[in-house]
There are 2 protein chains.
Amino acid sequence: MSTTAGTPAAPRGRVGRPRARGPVADGLAPRDGLLVAAAELFTRQGYGATTTRAIAERAGLRQASMYHYFAGKEDILAALLEGTVRPSLDLARALVAHPSAEAGAEARLWALCRADVELLCGGRHNLGALYLLPEVAAERFAAFRRVRAELKAAYRALLAGTAAAAALPGAELELRADLVFGLIEGVILIRRQDPDPAAPALAVAAADGALRLSGAPEAVVAAAATQGAALLGTLRTG
Amino acid sequence: MSTTAGTPAAPRGRVGRPRARGPVADGLAPRDGLLVAAAELFTRQGYGATTTRAIAERAGLRQASMYHYFAGKEDILAALLEGTVRPSLDLARALVAHPSAEAGAEARLWALCRADVELLCGGRHNLGALYLLPEVAAERFAAFRRVRAELKAAYRALLAGTAAAAALPGAELELRADLVFGLIEGVILIRRQDPDPAAPALAVAAADGALRLSGAPEAVVAAAATQGAALLGTLRTG
DNA sequence: ATTATCTATAGATCTATAGATAATGC
DNA sequence: ATTATCTATAGATCTATAGATAATGC
């Protein structure tokens with residue numbers, strides 16, 4: 001890339017004292033390596049059971065070096081949570097505000113469900129499972145929980161626009177929105193126990209399921225799936 | 001389960017050195033008090049973040065006294081897990097084996113879902129949330145996970161007997177069973193964030209939802225709800 | 001000079017054991 | 001004598017800071 005004149009075979013050097021364990025293969029920036037390591041450990045062993053030493057060591061660093069990048073364990077979890085909920089919320093907002101007469105609420109709800117499951121379960125480390133850690137209830141993560149509540153509101157808004165739910169009384173609608181949101185979170189748990197089902201297939205099945213759960217008859221589910229998939233395509237390219 | 005028989009106006013004396021903090025009001029046996037305290041703390045703060053001191057103190061004991069009843073924190077979690085999954089599994093077996101021509105697979109699936117949600121969310125402390133702790137993946141709790149897998153198999157068996165699922169290919173059936181099971185687990189999470197929805201109403205809504213998710217049309221959902229509720233009544237009295 | 005890392009460690013836990021103590025039971 | 005609890009504490013952590021060190025950059 002930056003082939004300045006002079007020594008063409010630059011000694012491949014990195015600033016700073018070399019690592020005791022040698023450089024890491026995966027080529028991640030140190031900060032990203034710490035995030036990946038922490039995500040893996042938090043979701044598999046739990047937050048409290050994961051030590052700063054375990055995180056750092058897995059990222060190829062010594063324990064104390066972690067503090068060059070994060071002020072502590074809590075900051076790592078906060079960064080992970082923030083980074084994972086943001087894309088979901090952006091998409092949800094785009095779908096709720098979408099000025100499309102051609103895509104009904106059913107298709108948009110389908111699209112949100114599928115995209116959300118893909119984002120949450122798609123990565124190597126099932127990042128969505130972070131949302132389910134009990135520790136996230138702590139005061140420190142209130143900001144994240146607020147963003148997450150906004151996401152849930154988007155689910156509710158889309159659901160309210162569907163033909164099957166339009167006739168429901170308010171309390172019943174709320175309950176059904178809880179169930180749909182709960183299904184998506186439940187899917188994250190499926191993936192935790194058994195990483196077997198490929199994420200894309202699971203995402204489509206979950207989106208179909210969300211529509212059924214919302215009360216849509218089979219014909220509507222099929223139509224929403226077709227339109228929803230198309231909608232996702234246009235949103236991603238546009 | 002302390003015996004309440006014997007002399008009704010006994011001198012109110014208890015064997016053993018008195019507690020430093022005085023006797024507890026809630027009348028639970030010490031072991032049960034520890035279990036209740038641990039359940040509350042594990043589900044709210046997480047397992048790793050909960051110290052033996054916090055558990056004991058909340059139960060009205062000093063930290064070291066906990067070891068009179070449990071060999072350690074892990075044993076407490078094991079006891080809680082075992083105690084909560086057992087009733088669900090007993091009911092599931094009864095429903096799968098039920099020799100009833102009058103109650104179809106749909107009604108039995110509905111009954112299982114409703115009873116499961118009631119058991120998991122019904123108590124004061126949302127015990128079901130214990131299942132979702134990442135720490136449960138540890139080797140120590142393999143026995144519990146096996147029992148839980150059996151419960152999931154019961155869900156799958158009932159689902160396979162429904163009219164909507166009977167025509168599905170095997171992989172598709174498996175995926176749908178995952179979703180139904182995931183919905184029930186997701187409901188536990190709903191309750192964690194917001195203990196607002198009354199457990200009975202939530203249980204009925206979740207059971208209805210599970211039927212919709214399984215592909216049943218509205219008329220079948222309604223029939224299954226009626227028959228399923230009746231079935232639960234007979235199983236509980238008989 | 002700047003940077004990324006290291007080593008070493010103080011201070012704060014937390015767990016689990018040892019042994020004392022204050023009740024009742026016989 | 002038995003029981004349930006207590007106090008005290010050793011040993012094993014774990015977190016976060018201080019200060020040294022080994023690279024590159026200029």
Side-chain angles (χ1 to χ4, degrees), chain A residues 2 4-7 9-24 27-34 37-38 41-42 45-78 135 138 140, chain B residues 2-3 6-7 9-24 27-35 37-38 41-42 45-78 135 138 140:
Chain A
S2 59
T4 42
T7 52
R12 199 65 228 110
R14 293 167 147 266
V15 181
R17 180 172 175 173
R19 295 183 173 183
R21 293 268 185 97
V24 233
L28 286 174
R31 198 187 127 96
D32 292 336
L34 287 166
L41 292 169
F42 289 164
Q45 317 181 339
Y47 176 78
T50 300
T51 64
T52 54
R53 163 159 279 117
I55 297 169
E57 222 97 281
R58 173 174 263 262
L61 292 164
R62 290 290 153 86
Q63 186 259 343
S65 302
M66 198 199 78
Y67 290 84
H68 189 67
Y69 298 99
F70 295 98
K73 219 166 66 163
E74 290 199 336
D75 281 52
I76 298 186
L77 180 54
E135 289 86 354
R140 171 72 177 78
Chain B
S2 52
T3 62
T7 50
R12 205 60 229 115
R14 291 168 149 265
V15 181
R17 179 172 177 173
R19 294 183 173 183
R21 291 268 186 97
V24 232
L28 286 174
R31 197 187 128 96
D32 291 336
L34 287 166
L35 287 172
L41 293 169
F42 288 165
Q45 316 180 339
Y47 175 79
T50 300
T51 65
T52 55
R53 162 158 279 117
I55 297 170
E57 222 96 281
R58 173 175 264 262
L61 292 164
R62 290 289 153 87
Q63 186 258 344
S65 302
M66 198 199 78
Y67 290 84
H68 188 66
Y69 298 99
F70 295 97
K73 219 165 67 163
E74 290 198 338
D75 281 52
I76 297 186
L77 181 54
E135 289 86 354
R140 171 71 177 79

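Letters A, B, ... are given to chains in the order of the sequence lines, protein chains preceding strands, and every chain is numbered from 1.
OP1 or OP2 of C:dA4 sits under 4.0 Å from a side-chain N or O of A:His68. In terms of phosphate contacts, A:Arg62 brings a side-chain nitrogen or oxygen within less than 4.0 Å of OP1 or OP2 of C:dT7.
Nearest to the side chain of B:Ala20, among C:dT5, D:dC6, D:dA22, sits D:dC6. For A:Thr51, the side-chain atoms get nearest to D:dT15 when compared with the rest of C:dT15, D:dT15, D:dA20. Considering only side-chain atoms of A:Val15, the nucleotide from D:dT24, C:dA23, C:dT7 that sits closest is D:dT24.
In this structure, CD on B:Glu57 lies 10.0 Å from OG1 on B:Thr52, to the nearest 0.5 angstrom. For the atom pair CD of B:Glu135 and CG of B:Leu77, the computed distance is 8.0 Å after rounding to the nearest 0.5 Å. To the nearest 0.5 Å, atoms OH (A:Tyr47) and CD (A:Glu74) are separated by 4.5 Å. Atom NZ of B:Lys73 and atom OG1 of B:Thr51 lie 7.0 Å apart (nearest 0.5 Å).
Exactly one residue among A:Ile76, A:Asp75, A:Leu61 makes a side chain to side chain contact (heavy atoms under 4.5 Å, CB included) with A:Met66. That residue is A:Ile76.
Along DNA chain C, the nucleotide nearest B:Arg17 and the nucleotide nearest B:Thr50 are compared for position; the residue whose nucleotide lies closer to the 5' end is B:Thr50.
For DNA chain C, the stems formed by at least three consecutive Watson-Crick or G-U pairs, with both atom-pair distances below 3.5 Å, span C:1-24 with D:1-24.
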Is there any protein nitrogen or oxygen under 3.5 Å from a nitrogen or oxygen in nucleotides 16-18 of chain C, and what are the pairs?
residue: C:dA16; atom: OP2; partner: B:Tyr67; partner atom: OH; Å: 2.5
residue: C:dA16; atom: N7; partner: B:Gln63; partner atom: NE2; Å: 3.1
residue: C:dA16; atom: N6; partner: B:Gln63; partner atom: OE1; Å: 2.9

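The nearest whole Å value for the distance from the CG atom in A:Asp75 to the P atom in D:dT15 is 14 Å.
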